[in-house]
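Count residues from 1 along the sequence. The model shown is predicted, which means the values in this text are computed figures rather than measured ones.
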Amino acid sequence: MKVNYEFEYKKFTGKYNMDFDLWILENAIKNKSDDLFLRFYGWEPKCVSLGRNQKEFITDEKIDTVRRPTGGRALLHDNEITYSIVGKIPEKQSVIETYKMISTTLINAFNTLGIKLNMAGEKKGDKNYCMNISTGADICYQNKKFIGSAQFRKEGYFLQHGSILKDVDIKLLERIFREKIDTGHIITLKQINPDLSDEEIIKTIRKEFKNEYENYL
């Protein structure tokens, strides 16, 4: 499997980001591609994304909103690195197994950067803000949520994207979602290692995916 990461890291609007992710997925399906497409991007302006099946979200804040093709709850995209992966589903691989496959690679990449991560356990919580909820798809640092991910499948292919938290504006989150944000439940790169650059993180993750999947399938 060739790991394709020709997409340059840039910041785009929420609509552009979600449309582009879907475009990659649809083209992979159309071309019956065996490649694994890996993309990193940011959000400008900051944006709230809603899960695929989530009810409309109402907030008093004037902020951009978009609907994700993947599931989950509402999420504020602000100071983060978002990853997006599109690929063919390995034969008989479940959603959870795909999560684990990708999570293991991300964990190995951050381990190379000196940050020891682990996968979360069972789903916990029932809140509006996605990062306030713990699921088995999350990646944690010292049992605090650091990377949240969601997945969508279509015609034998998957799209998974997730947010690597660099920093959070707690006051803004609480205004948007009208709930108390559990700061003891989440953690950001600023708290773990603020000296790591976006470029270093992206380069390391790309390298780990290339090492893991160039000879996969």
Side-chain angles (χ1 to χ4, degrees), residues 9-21 39-52 54-84 103 106 109-110 113-115 117-118 120 123-135 137-150 160-202 204-205:
Y9 173 83
K10 288 184 178 180
K11 292 183 178 182
F12 302 101
T13 65
K15 185 178 187 307
Y16 183 94
N17 280 329
M18 296 301 94
D19 286 350
F20 197 11
D21 278 353
R39 175 178 171 241
F40 297 90
Y41 53 85
W43 305 68
E44 196 171 273
K46 62 188 68 176
C47 178
V48 171
S49 71
L50 308 178
R52 181 179 182 85
Q54 185 179 4
K55 295 180 180 179
E56 289 299 323
F57 180 78
I58 300 174
T59 179
D60 295 331
E61 290 292 312
K62 293 182 179 180
I63 192 164
D64 194 23
T65 60
V66 70
R67 188 168 295 279
R68 299 191 305 272
T70 56
R73 300 293 183 89
L75 180 63
L76 173 65
H77 303 279
D78 185 7
N79 198 348
E80 67 176 61
I81 299 171
T82 303
Y83 77 83
S84 170
S103 293
L106 291 170
F110 274 96
L113 293 167
I115 297 175
L117 304 178
N118 64 277
K123 181 175 180 178
K124 297 179 181 178
D126 184 21
K127 304 289 185 179
N128 289 320
Y129 176 49
C130 183
M131 297 301 279
N132 245 0
I133 303 171
S134 175
T135 77
D138 301 330
I139 299 176
C140 299
Y141 176 80
Q142 296 182 354
N143 296 318
K144 295 181 180 181
K145 191 169 180 176
F146 176 53
I147 305 175
S149 302
Q160 180 169 316
H161 47 211
S163 299
I164 302 169
L165 290 181
K166 293 170 58 181
D167 197 9
V168 292
D169 184 335
I170 299 298
K171 291 183 178 179
L172 176 60
L173 286 174
E174 292 183 340
R175 291 200 306 270
I176 291 173
F177 295 102
R178 295 194 290 263
E179 65 186 31
K180 184 70 175 177
I181 303 300
D182 185 359
T183 56
H185 178 65
I186 59 176
I187 196 165
T188 69
L189 190 65
K190 183 178 180 180
Q191 296 168 286
I192 302 170
N193 185 349
D195 296 327
L196 278 178
S197 67
D198 294 357
E199 293 78 11
E200 189 174 4
I201 292 169
I202 292 169
T204 303
I205 295 175

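With values rounded to the nearest 0.5 angstrom, I201 atom CD1 is found 4.5 Å from L189 atom CG. A distance of 14.5 Å separates OG1 in T188 from NZ in K145, rounded to the nearest 0.5 Å. The structure places NZ of K144 at 14.0 Å from CG of L117, a figure rounded to the nearest 0.5 Å. Taken from CG in L165 to CD1 in I186, the straight-line distance is 6.0 Å, to the nearest 0.5 Å. With values rounded to the nearest 0.5 angstrom, L173 atom CG is found 9.0 Å from L75 atom CG. One distance of note links CD1 of I115 with CG of L196; it measures 5.0 Å at 0.5 Å rounding.
Applying the side-chain hydrogen bond (donor to acceptor under 3.5 Å, both in side chains) criterion to Y141, with sequence neighbours excluded, gives no partner residue. Taking E174 as the reference, I170, K180, I181 meet the side chain to side chain contact (heavy atoms under 4.5 Å, CB included) condition, with sequence neighbours excluded. Scanning for ring-ring contact (aromatic ring centres under 6.0 Å, His included) contacts around F40 gives an empty result, with sequence neighbours left out.
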(message) The test is side chain to side chain contact (heavy atoms under 4.5 Å, CB included); show your working for L76 and I176 and say whether it passes.
(response) CA-CA 9 Å; L76 173 65; I176 291 173; 4.0 Å; yes
(request) Apply side chain to side chain contact (heavy atoms under 4.5 Å, CB included) to D138 and I147, showing your working. (result) CA-CA 6 Å; D138 301 330; I147 305 175; over 6 Å; no
(message) What verdict does the side chain to side chain contact (heavy atoms under 4.5 Å, CB included) test give for I164 and I205, after you've listed the backbone C-alpha separation in whole Å, the side-chain angles of each residue and the deciding distance to 0.1 Å?
(response) CA-CA 12 Å; I164 302 169; I205 295 175; 4.0 Å; yes
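A salt bridge links D21 with R39; the closest basic N to acidic carboxylate O contact falls under 4.0 Å. A salt bridge between D198 and K166 is present, with a side-chain N of the basic residue lying under 4.0 Å from a carboxylate O of the acidic one. By the 4.0 Å N-to-carboxylate-O rule, K46 lies too far from E80 to be salt-bridged with it.
Ring planes of W43 and H77: parallel class, angle under 30° (limits at 30 and 60°).
Considering every non-hydrogen atom in both L50 and E56, the closest pair reads CD1-OE1, 4.3 Å. Residues R67 and G51 come closest through the heavy atom pair NH1-O, 2.7 Å. The shortest heavy-atom contact between S163 and T82 is OG-OG1, 4.4 Å. T204 and A109 make their closest contact through CG2-O, 3.4 Å (heavy atoms, listed as atom of the first residue, atom of the second, distance). Nearest approach of T13 to P45, heavy atoms of both residues: CG2-CD, 4.4 Å. Scanning all heavy atoms of the two residues, the minimum distance from P69 to M18 falls at CD-SD, 3.7 Å.
T70 and H161 share a side-chain donor-acceptor pair at under 3.5 Å. Side chains of S149 and Y83: a donor on one and an acceptor on the other come within 3.5 Å.
Put simply, the side chain of R175 does not reach to within 4.5 Å of the side chain of T59, judged on heavy atoms.
Aromatic pair F146/F110: centroids less than 6.0 angstrom apart.
Checked by atom type and distance alone, the side chain of R68 never pairs as donor or acceptor with a backbone atom of A150 at under 3.5 Å.
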